[in-house]
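Taking it in order: structure first as structure tokens, then the write-up.
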Amino acid sequence: MELKGQIEEFIYQNETNSYTIGVFQTEEQEILTVVGYLPFIAVRRLFKINWKNGSTSRIW
């Protein structure tokens with residue numbers, strides 16, 4: 001599955017290891033929570049998430 005959108009805000013972000021919890025808004029205006037090690041993510045930066053069940057997501 002692929003979702004395109006942007007981070008609207010950070011709920012939590014660890015500056016040491018980049019572990020992040022953020023509010024993600026898709027292009028279809030759906031709001032999701034994303035969690036993971038996201039070292040290069042920024043608020044309002046467009047990106048896409050690809051994943052399969054049981055795998056780690058990838059951010060571009």
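Here the structure is a predicted model, which is why all the values come from computation and not from measurement.
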Original post:
Which heavy atom of F47 sits nearest a heavy atom of R45, and at what distance?
Top reply: CD2-O, 3.2 Å

Subject >> Partner of I7 under side chain to side chain contact (heavy atoms under 4.5 Å, CB included), chosen from V23, V34, L46 >> reply: V34

**OP:** Give me the one residue out of T20, N17, N14 that meets side chain to side chain contact (heavy atoms under 4.5 Å, CB included) with Y37.
**Re:** N17

**OP:** Indicate if I11 and F40 have the same hydrophobic cluster label, given that clusters are the connected sets of ILVMFWY residues with side-chain heavy-atom separations under 4.5 angstrom.
**Re:** no

[atom1]-[atom2] distance between [X] and [Y], expressed to the nearest 0.5 angstrom:
X   : Y   : atom1 : atom2 : value
E30 : Q25 : CD    : CD    : 10.0 Å
E9  : F24 : CD    : CZ    : 14.0 Å
K48 : E2  : NZ    : CD    : 4.5 Å

Original post:
With a 4.5 Å heavy-atom cut-off, do E8 and R44 have their side chains touching?
Top reply: yes

